[in-house]
Peer 1: 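Handing you this structure, nothing more for now.
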Amino acid sequence: MPFRSRYIGLIDKYRDRLPVHDDTRIISLGEGNTPLIRLNNIPGILGKEVDIYVKYEGLNPTGSFKDRGMCMAVTKAVEEGSKSIICASTGNTSASAAAYAARAGITAYVLIPEGKIAMGKLAQAMMHGAIVIQIKGNFDAGMQIVKDVAEHAPVTIVNSINPYRLQGQKTAAFEIVEELGAAPDYHCLPVGNAGNITAHWMGYREYHENGIVNNRPHMVGYQAAGSAPFMRGKMVDDPETIATAIRIGHPQSWDKAWVVREESEGWFDECADEEILAAQKMLTEKEGIFCEPASATSLAGAMRDIKSGKIPEGSKIVCTLTGNGLKDPDSAIAQCTSPMITVEATMDAVKRAILDNMD
Ligand SMILES: *Cc1c(COP(=O)(O)O)cnc(C)c1O
């Protein structure tokens, strides 16, 4: 056979490194195997000799990295006989849980903060048939309720406190190492609950300990300034940011993430909302890659640290783009300054519009 076997998802590919058995029924939508794209134009704009790659996790089946963890969490929930799953979500977890529950034929209950999730994510959760419960409170309040409910009801929590989530998500680090032939020098991520930065570090550590690579990256976590508990050194009760996916004040992987910083000799920092949106715009305009605001936090922070020299020239940097820009059309359109042009449907009118807008 001249053809390679069909890619059928990360559990199949990394079966030996994941807690599944030969007869486990795998719930998959072909997640993982996302592109690692080298930025062509932004390093020049920064005036620095650096290699920046973005791992475009927005190309997962439901448009975010959450699918990597959700396929594992739902696979294990089904294996253990669970008929329903539950999560609190800033949006992407609910979209992913809804899709994988649909695939498995079980029920998903999702708690979302009223009015604070991007439209695309809500559309996904509703279309996939999840029971969507809006709460008059933020993610952190929802998370606490979910933990309490799960103690009294036969539902499996699929937030990142579910250990199988991190197992699935560690595979992103495997893919990066395989593609680059080594670990990068720096790996930058947006941080909300800090599950993903923890999972990536697990993946890098595992490949290092198994002798598959001989280096490990410095892990760098960026938060939105209005919801930056890791910068404050304590929980934040009223987190606020345009980057709704990381509008989290009480990170569930608090202790683990501090260990990641320590072991990887990395750091945390924060980005203002304006900086996050500027990075999102730059990536779309200069590289043709559309991610959601929260995702751009990794690049916003990395660009600042590259400019200041904290990330030195000659470095190889990976920024995770956690979610797809199509998730949040409202925030995208709101920040576009060039107006849309409406003209008569004639050649002359269109020609004039083109000439008027040439630079
Ligand atoms: C969930 C999410 C994050 C935050 O990931 P954590 O594991 O909670 O730190 C960042 N960006 C997007 C788009 C997300 O959906």
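Every number for a ligand or one of its atoms is a count from 1 in the order of the listing. Everything quoted here is computed from the prediction, not taken from an experiment.
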Peer 1: Polar-atom distance check: Ile248 versus ligand 1, any N or O pair below 3.5 Å?
Peer 2: no
Peer 1: Polar contacts were defined as any N/O atom of the residue lying under 3.5 Å from an N/O atom of the ligand; does this apply to Thr322 and ligand 1?
Peer 2: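 By distance alone, the answer is yes.
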Peer 1: Is it true that Glu263 and Arg216 make a salt bridge, defined as a side-chain N closer than 4.0 Å to a carboxylate O?
Peer 2: no
Peer 1: Could you say whether the N/O atoms of Phe65 and ligand 1 ever approach to under 3.5 Å?
Peer 2: no
Peer 1: Please write down residue, atom name and distance for the protein heavy atom closest to atom 7 (O) of ligand 1.
Peer 2: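 Protein heavy atom at minimum distance: Asn196 N, 2.8 Å.
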Peer 1: Salt bridge check, Glu275 against Arg304: does any charged N sit closer than 4.0 Å to a carboxylate O?
Peer 2: yes
Peer 1: Mind checking whether Ser295 has an N or O less than 3.5 Å away from an N or O of ligand 1?
Peer 2: no
Peer 1: So which atom in Ile276 and which in Ala296 form the shortest heavy-atom distance, rounded to 0.1 Å?
Peer 2: O-CB, 3.6 Å
Peer 1: Looking only at protein heavy atoms, which one is nearest to atom 8 (O) of ligand 1, and how far off is it?
Peer 2: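 Minimum-distance protein heavy atom for atom 8 (O) of ligand 1 reads Asn193 N, 2.8 Å.
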Peer 1: Taking distance alone, no hydrogens or angles, what donor-acceptor pairs closer than 3.5 Å link side-chain atoms of residues 320-329 to residues at least two apart or in another chain?
Peer 2:
from: Thr320; atom 1: OG1; to: His187; atom 2: NE2; distance (Å): 2.7
from: Thr322; atom 1: OG1; to: Ser295; atom 2: OG; distance (Å): 2.8
from: Asn324; atom 1: OD1; to: Leu326; atom 2: N; distance (Å): 2.9
from: Asn324; atom 1: ND2; to: Gly58; atom 2: O; distance (Å): 3.1
from: Lys327; atom 1: NZ; to: Thr62; atom 2: O; distance (Å): 2.7
from: Lys327; atom 1: NZ; to: Asn92; atom 2: OD1; distance (Å): 2.8
from: Lys327; atom 1: NZ; to: Gln124; atom 2: OE1; distance (Å): 2.6
from: Asp328; atom 1: OD1; to: Ser331; atom 2: N; distance (Å): 3.3
from: Asp328; atom 1: OD2; to: Ser331; atom 2: OG; distance (Å): 3.2

Peer 1: Looking at ligand 1, does any of its N/O atoms fall within less than 3.5 Å of an N/O of Asn92?
Peer 2: yes
Peer 1: Any sub-3.5 Å donor-acceptor pair from Arg165's side-chain atoms to Val158's backbone N or O?
Peer 2: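 Side chain of Arg165 to backbone of Val158: a pair is present.
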Peer 1: Once side chain to side chain donor-acceptor pair (under 3.5 Å) is applied, what residue pairs with a partner in residues 38-47 remain, sequence neighbours excluded?
Peer 2: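 As it turns out, the side chain to side chain donor-acceptor pair (under 3.5 Å) pairs with a partner in residues 38-47, which skip direct neighbours, are Arg38-Asp51.
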Peer 1: For the 3.5 Å polar cut-off, considering only N or O atoms, please tell me whether Ala294 and ligand 1 meet it.
Peer 2: no
Peer 1: Please determine if Glu292 has a nitrogen or oxygen closer than 3.5 Å to a nitrogen or oxygen of ligand 1.
Peer 2: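 For ligand 1, there is no N or O atom that lies under 3.5 Å from one belonging to Glu292.
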Peer 1: Which atoms form the tightest heavy-atom contact between Glu287 and Ile42, and what is the distance?
Peer 2: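 Distance-wise, the nearest heavy atoms are OE2-N, 2.8 Å.
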Peer 1: Looking at Gly195, which atoms of ligand 1 are within less than 4.0 Å of one of its heavy atoms?
Peer 2: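 Listed by number with element: 6 (P), 7 (O), 9 (O).
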Peer 1: Please check if the side chain of Glu344 supplies one atom and the backbone of Ala349 the other of a donor-acceptor pair under 3.5 Å.
Peer 2: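 No: the side chain of Glu344 does not pair with the backbone of Ala349.
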Peer 1: For ligand 1, which atoms, with element, lie under 4.0 Å from some heavy atom of Lys66?
Peer 2: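 Those atoms are 1 (C), 2 (C), 3 (C), 14 (C), 15 (O).
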Peer 1: Considering Asp328, Thr297, Ile246, which one's heavy-atom position lies nearest to atom 4 (C) of ligand 1?
Peer 2: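 Looking at heavy atoms only, Ile246 sits closest to atom 4 (C) of ligand 1.
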Peer 1: Given the side-chain rings of Phe268 and Trp258, with only the six-membered ring counted for Trp, is the space between their centroids under 6.0 Å?
Peer 2: yes
Peer 1: Yes or no: does Ser160 have any heavy atom under 4.0 Å from an atom of ligand 1?
Peer 2: no
